[in-house]
Number of protein chains: 2
Amino acid sequence: MLLERFGRLLQSRGHELGLKPAQWEALRYLGRANRFSRTPSGLTAYLGSTKGTVSQTLIALEDKGLVRKKADRDDRRAVRLELTAAGRRALEADPLLELEASLDVLGRREEVALDQALTSVLAGHLERTGGRPFGLCRTCRYFEKNATDGGPHRCSLLEVKLSADDSEQICVEQEA
Amino acid sequence: MLLERFGRLLQSRGHELGLKPAQWEALRYLGRANRFSRTPSGLTAYLGSTKGTVSQTLIALEDKGLVRKKADRDDRRAVRLELTAAGRRALEADPLLELEASLDVLGRREEVALDQALTSVLAGHLERTGGRPFGLCRTCRYFEKNATDGGPHRCSLLEVKLSADDSEQICVEQEA
DNA sequence: CTTATTTTGTATCGAGTCGATACTACTTGA
DNA sequence: TCAAGTAGTATCGACTCGATACAAAATAAG
């Protein structure tokens, strides 16, 4: 199966620059996830992994100075994660970007077809396994565009204001 | 990138039945590779890994009784690998089969489009990294259909007869 | 025919993954 | 208030994986 070979390929590129595949994936997630989702448990859900494993990966990333942990004011159990400047620089050298460039051999049409096919297969699989889609905030059923209470947009699930940036990031809570 | 999420998904399913992702991939390879390719170095090239890592994986599979090693008569450095009966049974319970069934949400058309897109991206990547395609024997430039020297087919690279089964398996040496 | 040189595979190390289990600390809800 | 649930860490054992070093056999070059 080709998807399997791709997975292997992506993984073998994931050992560059002194990081491990799991660490790259955590970094990428933190670069794309909105503030509500940048927590160890958000990352755990995204990776389909376990709390213990993710905890170790984050310790490694913190030791390398790529990720910073901050206490959550409202929930003293929770930890907020953010990329450091070095973390953002690392993402700019992400080996995956190169593979992403390989998609250029495809025409626009084919690229869209590939994306749609993968999306629907993924959706089917997530449904069966109870995984979360992690879609864009603005495509969520709880997203209220141009809400009337000050902020540009609003989340009716968490009941908070959303910036334009927020709405372009992925979210643990997102539902179609 | 969706391909990345798929890779992660495939990997997290790879811990079932007491095997690890790398072990499953080795097992799958040995179930699909022709006799010339069922060696530690063939597997190494397929996985894009290193000899040392593959050696360890094979030891683990041998200990579990899923793979058997045999000496090569002609080349006393080489090791021939084959699945045991238990190894073949394990492949029948491969968790990947389930994910493969997820492709059924796609129509014929979309499935073909997906396959073509992945194939061309993969080919581009392999060319840049010097990887081998591991295509079917019968699609190889060295494949001689219905050769005249007894065997049904023939390989003009290795200069050996090929059975019908041989020609339907993947090969390290395959070239378009 | 001897040396290189290459090829095939194993052994070992250190950092890290990953599922499992156990545990602490905090929050929530009856 | 107190039991149940949630967020996260610590630790264990099996394994991965790149790197390095090594041994044995095959091949090439002189």
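First the proteins, then the strands, lettered A, B, ... as listed; each starts at 1.
No salt bridge links B:E82 with B:K69; every basic N to acidic carboxylate O contact stays at or beyond 4.0 Å. A salt bridge does not link B:R89 with B:E92: none of the charged nitrogens is closer than 4.0 Å to a carboxylate oxygen.
In this structure, A:W24 atom CH2 and C:dA15 atom C1' are separated by 17 Å, rounded to whole Å. The distance between atom CZ of A:R76 and atom C1' of C:dT28, rounded to the nearest whole Å, is 15 Å. If you measure from atom CG of A:L61 to atom P of C:dA15, you get 16 Å, rounded to the nearest angstrom. Atom NE2 in A:H15 sits roughly 19 Å away from atom P in C:dG14 (whole-Å rounding). Here the P atom of nucleotide C:dT8 and the CZ atom of B:R38 are 17 Å apart, to the nearest Å. Taking atom CD of A:E62 as the reference point, atom P of C:dG16 lies 14 Å away to the nearest angstrom. Regarding A:E25, its CD atom lies at a distance of 8 Å from the P atom of C:dC18, rounded to whole Å. Between B:L81 atom CG and C:dT10 atom C1' there is a gap of 14 Å when expressed in whole angstrom units.
Looking at heavy-atom distances under 4.0 Å, B:D74 makes contact with sugar-phosphate atoms alone, never a base. Within 4.0 Å of A:A60, counting heavy atoms only, lies no atom of the nucleic acid at all.
Taking 4.0 angstrom as the limit, A:K64 places a side-chain polar atom (N or O) nearer than this to OP1 or OP2 of C:dG16. Look at B:S49 and you'll find a side-chain N or O under 4.0 angstrom from OP1 or OP2 of D:dG18. Listed pair B:R73 / D:dA25 fails the phosphate criterion, with no side-chain N or O lying under 4.0 Å from OP1 or OP2. Residue B:R8 has a polar side-chain atom (N or O) positioned under 4.0 Å from OP1 or OP2 of C:dC18. Taking only side-chain nitrogens and oxygens, A:Q23 comes nearer than 4.0 Å to OP1 or OP2 of C:dT17. Between A:Q11 and D:dT16 there is no side-chain polar atom (N or O) within less than 4.0 angstrom of OP1 or OP2. Considering only side-chain N and O atoms, B:T57 lies under 4.0 angstrom from the phosphate OP1 or OP2 of D:dT16.
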Q) For every nucleotide of nucleotides 1-13 of chain D, 5' to 3': is a protein heavy atom under 4.0 Å from its base (B), only from its sugar-phosphate (S), or from neither (-)? A) ----BBBBBBB--
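Cluster membership check: B:L91 shares its hydrophobic cluster with B:L66, using side-chain heavy-atom separations under 4.5 Å among Ile, Leu, Val, Met, Phe, Trp and Tyr. No continuous path of hydrophobic side-chain contacts links A:L96 to A:I170 [ILVMFWY only; heavy atoms under 4.5 Å].
Nearest heavy-atom pair across B:G42 and B:F134 is O-CZ, 3.5 Å.
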Listing, residues 46-53 of chain A side-chain donor-acceptor contacts under 3.5 Å, not counting sequence neighbours, or none:
unit_1 : atom_1 : unit_2 : atom_2 : d
A:T50  : OG1    : A:T53  : OG1    : 3.2

Name the atoms and distances for all side-chain donor-acceptor pairs under 3.5 Å in residues 113-127 of chain B, with sequence neighbours left out.
unit_1 : atom_1 : unit_2 : atom_2 : d
B:T119 : OG1    : B:D115 : O      : 2.7
B:S120 : OG     : B:A117 : O      : 3.2

